[in-house]
Structure formats: structure tokens, C-alpha cells
Amino acid sequence: MNAFSASSPFQPGAPLRRPRITAIGCYTPPRVLTNSDLEKMVDTTNEWILERTGIRERHIADPDVATSDLAYEAARAALAQRGIEPSELDAILVCTVTPDMFFPSTACLVQHRLGAARVWGFDLIAACSSFVYGLGVAAHLVAAGTHRRVLVIGADTMSRIVDYTDRATCVLFGDGAGAMLVEAGEEDDGMGFVDCLHEIDGSGAPYLNMPAGGSRMPPSIETVQKRLHYVHQEGQQVFKYAVRRMYEVSKELLDRNGLTSDQVKILIPHQANHRIITATADRLGMNGDRVMINIERYGNTTSGTIPLATWEAVEQGRIRKGDLVLFAAVGAGYTVGASLWRWAY
Ligand code: UT7
């Protein structure tokens with residue numbers, strides 16, 4: 001590990017190193033799959049997809065492109081924005097449900113390609129909440145004083161595990177990646193990490209999963225024939241849970257920090273369904289300009305949605321230094337998470 005502090009950070013009086021997000025980089029593969037393309041593949045319509053999900057198009061990786069390739073591009077963009085070398089990183093977290101392989105981790109593959117010497121890292125699997133969890137883990141590594149810079153990458157090639165004969169799921173997902181650099185502030189001016197709240201609820205496992213390919217149901221001719229290596233979802237169950245929990249976790253996080261949603265500049269939620277996002281934002285009183293929605297052009301990129309949406313919000317000038325930003329997500333598991341940051345650049 002690229003030790004940040006020569007002495008133990010746990011000594012009394014050690015200074016608070018408040019974690020900050022200091023750069024974002026994103027990458028989406030160039031090929032676009034539109035709703036009208038999907039109309040030719042399954043029994044669906046542009047109107048149905050738009051009305052029920054808010055999605056118009058999504059990006060799809062070419063067959064020779066895997067998750068580590070998307071992650072690498074996003075990582076390079078974030079490092080370039082900050083003007084630092086890969087060797088200046090202490091850890092790389094890759095949030096994904098579509099690793100190149102079960103092992104080695106995608107983090108190892110990205111580290112090698114970046115040439116990031118003396119770094120450690122791992123893959124983090126929490127489905128659509130992965131990136132929010134990754135930010136929380138990075139914040140704690142940095143706050144502990146043991147890490148100066150942690151690169152959190154959210155990358156998924158969902159097209160590899162989506163069944164393009166199942167109209168209920170194939171219209172929803174896209175491929176993409178984003179990376180945020182979390183690093184220690186030199187002095188505590190209040191900018192950076194505020195708090196996060198995470199929860200898992202395994203009672204949701206039957207409603208959104210990829211049944212085969214793991215130790216429960218290893219790959220066989222039968223699992224392939226039964227199409228068990230694809231995403232399976234009971235949409236309405238997940239929808240109801242997401243609408244309720246995304247609001248609740250956000251509200252609880254604000255409450256325990258003595259904040260109200262009026263003080264939050266922008267809500268950046270996981271992009272699974274336009275209706276889930278607006279229902280959550282409505283309950284928080286944050287619709288319109290104060291909620292970031294870009295699902296229309298990317299679909300649900302799983303771990304990629306939050307960095308992709310944040311990058312666009314920053315590009316559009318909707319986030320400025322000092323603004324309070326709220327990230328929130330619900331995903332398969334179930335996994336639930338929210339994270340509050342005071343924007344630092
Ligand atoms: O990111 C991880 C978490 N995931 C989510 O948050 C996703 C949560 N769920 C959803 O976003 C929504 O449930 C969906 C978008 C997946 C589905 O929307 P819905 O309004 O819940 O539709 P539904 O599943 O209740 O289906 C309504 C009808 C059905 O037909 P019948 O039974 O009423 O005749 C479906 O067969 O729509 C039909 N349908 C479609 N029709 C045209 C389902 N998919 C399609 C389609 N095109 N692509």
C-alpha cells in the first residue's frame with residue numbers, strides 16, 4: 001500500500017483529513033441502441049419504453065470490449081482531469097456486477113493497465129448501489145488517514161448479462177463507466193464528505209438477480225438453455241421497494257445531520273426509472289432543477305449511473321463549490337444507500 005502517513009493516523013490529536021471528491025471521469029462506448037432498434041428485436045414500442053422508463057437510447061459495448069476497458073477509460077479521464085499519475089493512487093475500487101471474470105478482480109486488471117504501482121484495491125458488488133457504497137468506503141479509508149487518494153470506479157457492461165429476447169429487461173440497461181477521485185483535504189474547511197448511510201436487505205434477492213454462474217448453480221448446458229445467465233427481475237416488486245427506500249434513506253441521512261432537503265443543491269439518484277426518480281424527488285420536495293436525470297440517453301448502467309449523472313451535472317454548471325450534493329440508490333440485494341458531500345471544486 002502506498003502509505004500516506006508515516007506515523008499511525010490513529011494517534012490522539014491526529015488531524016482530520018476530510019475526504020473530498022476532486023475529479024470525475026466518464027466513458028461510454030460509442031455504439032448506441034435506440035428504442036426503435038429494440039422495436040425490431042422484441043415486441044415493444046418507443047412509446048411504452050419512454051412512458052414507463054424515460055429511456056430513449058443506451059450505449060452498448062462492442063463484443064471485444066469488457067468492463068475493465070470501460071473502467072480504464074473512465075479512470076484515465078479522472079486522473080487527467082486532476083493532473084496526477086496512476087502511481088499517486090493508494091487504492092482502486094471497482095464497483096461492478098459484470099467483472100471481466102470472477103477472479104482476478106477487475107481492480108487488478110485496471111491497476112495493471114494503468115501501471116499504478118504500489119496500489120491495492122478490490123471489486124465491490126452491490127448492484128445498483130455499488131457506486132454509493134464505493135464512495136462510502138473510499139471516504140472512510142481517507143478519513144482514517146491511511147489513504148491519501150482512492151479512485152472509485154463504477155463500470156458495468158450490462159449488455160453481456162441482458163437477455164435480448166426478454167422485453168421486460170432488455171429495454172432497461174446500457175453500458176458505461178465513471179470514476180471519482182476521493183482524496184484527503186489539506187485543511188478542514190468543511191468541504192467534502194458529510195455522511196453516508198447504507199443498508200442491505202437480502203429478502204429482496206428473489207426479485208432481481210442473475211440465477212446461474214455462481215456456486216449455487218454453476219454453468220451447465222441446462223442453465224444456458226434455460227437462459228439463467230441473464231438478469232431476472234420482478235419489476236413491480238423492485239419498483240415499489242425502490243420508490244419507498246430511496247426516499248427513506250435520503251430523509252434519514254438528512255435528519256441525522258440536522259439538515260433539510262431545502263439545504264441540498266442537487267439530488268443525484270441512481271438512474272433505473274424516470275418514475276422512481278421523480279417520485280423520490282417529489283417526496284423530498286426536490287423536483288425540477290434540483291434533481292439530476294439523464295436516464296434518457298444512457299438507460300440503467302448499474303454502477304455507472306451516479307458518476308455519469310454527476311459528471312453531466314458538473315458540466316452543466318449545476319454543481320458549484322460549497323454545494324451540498326445528495327447521492328441515493330437502491331439495487332438488487334436489496335441494497336440501499338445514500339451519501340452526502342459538500343462539493344469541493
Ligand atoms: O436498477 C436496479 C433496480 N431496478 C429497478 O429499479 C427497476 C424497477 N422496475 C421498473 O422500473 C418497472 O417495473 C419496469 C420498467 C421494469 C416495468 O414497468 P411497469 O410499469 O412495472 O410494467 P409491468 O412490469 O407491470 O408490465 C406492464 C405491462 C405487462 O403487460 P400486461 O401483463 O399488462 O399485459 C408487460 O408484459 O407491460 C408489458 N411490458 C412491456 N410492453 C411493451 C413489459 N415490458 C414491456 C416492453 N414493451 N418492453
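Read the numbers this way: they start at 1 and go in the same order the structure lists the ligands and their atoms. Atoms considered below: every heavy atom in the structure, side chains included; atoms not considered: hydrogens, waters and symmetry mates.
Residue Arg275 has at least one heavy-atom neighbour below 4.0 Å for each of these atoms of ligand 1: 18 (O), 19 (P), 20 (O).
Between Arg245 and Glu199 there is a salt bridge, since at least one side-chain N of the basic residue sits less than 4.0 Å from a carboxylate O of the acidic one.
Checking each of Asp156, Asn300, Ile268 against Thr305 for a side chain to side chain contact (heavy atoms under 4.5 Å, CB included) leaves exactly one that passes, namely Asn300.
Of the protein's non-hydrogen atoms, the one nearest atom 48 (N) of ligand 1 is Arg167 O, 2.9 Å. Atom 17 (C) of ligand 1 has as its closest protein heavy atom Trp48 CH2, 4.0 Å. Nearest to atom 7 (C) of ligand 1 among the protein's heavy atoms is Gln233 OE1, 3.4 Å. If you check which protein heavy atom lies closest to atom 14 (C) of ligand 1, you get Asn273 ND2, 4.4 Å. Protein heavy atom nearest atom 20 (O) of ligand 1, with residue, atom name and distance: Arg52 NH1, 2.8 Å. The shortest contact between atom 6 (O) of ligand 1 and any protein heavy atom is with Ile276 CD1, 3.3 Å. Atom 3 (C) of ligand 1 has as its closest protein heavy atom Val238 CG1, 3.6 Å. Atom 23 (P) of ligand 1 has Gln236 NE2, 3.9 Å as its closest protein atom, hydrogens excluded (heavy atom only).
Only the side chain of Asn300 comes within 4.0 Å of ligand 1, counting heavy atoms alone; its backbone N, CA, C and O stay farther away. Of all the heavy atoms of Thr53, the ones lying under 4.0 Å from any atom of ligand 1 belong exclusively to the side chain. The side chain of Leu208, and not its backbone, has at least one atom closer than 4.0 Å to an atom of ligand 1 (non-hydrogen atoms only; side chain from C-beta on).
The shortest distance between side-chain heavy atoms of Arg58 and Ile55 falls below 4.5 Å. In this structure, Leu89 and Trp120 have side chains that are not in contact, with every pair of non-hydrogen atoms separated by 4.5 Å or more.
Residue Ile49 places no heavy atom under 4.0 Å from ligand 1. Ligand 1 lies nowhere less than 4.0 angstrom from a heavy atom belonging to Leu38.
Looking only at atom types and distance, the side chain of Thr223 has a donor-acceptor partner in the side chain of His229 under 3.5 Å away. No hydrogens or angles considered: a donor-acceptor pair under 3.5 Å links the side chains of Thr157 and Thr67. Using modelled atom types and a 3.5 Å distance limit, the side chains of Ser36 and Thr34 yield a donor-acceptor pair. Defined by atom type and a distance below 3.5 Å, a donor-acceptor pair is missing between the side-chain atoms of Asp175 and Tyr298. Gln236 and Tyr207 share no donor-acceptor pair across their side chains, judged by distance under 3.5 Å alone.
A donor-acceptor contact shorter than 3.5 Å is absent between the side chain of Thr280 and the backbone of Met246. Thr335 places a side-chain N or O within 3.5 Å of a backbone atom of Ala126 that can act as its donor or acceptor partner. Judged by distance alone, with hydrogens and angles left aside, the side-chain atoms of Ser303 form no donor-acceptor pair with the main-chain N or O of Phe131 at under 3.5 Å.
Around atom 16 (C) of ligand 1, the closest heavy atom drawn from Val171, Leu172, Thr305 belongs to Leu172. Ranked by closest heavy atom to atom 13 (O) of ligand 1, the top entry among Gly235, Ala332, Ala272 is Gly235.
Within a 4.0 Å radius of atom 31 (P) of ligand 1, the protein contributes no heavy atom. The protein does not reach atom 34 (O) of ligand 1 closely, with no heavy atom under 4.0 angstrom from it. Distance check on atom 39 (N) of ligand 1: some protein heavy atom falls below the 4.0 Å cut-off. For atom 1 (O) of ligand 1, the nearest protein heavy atom lies under 4.0 Å away.
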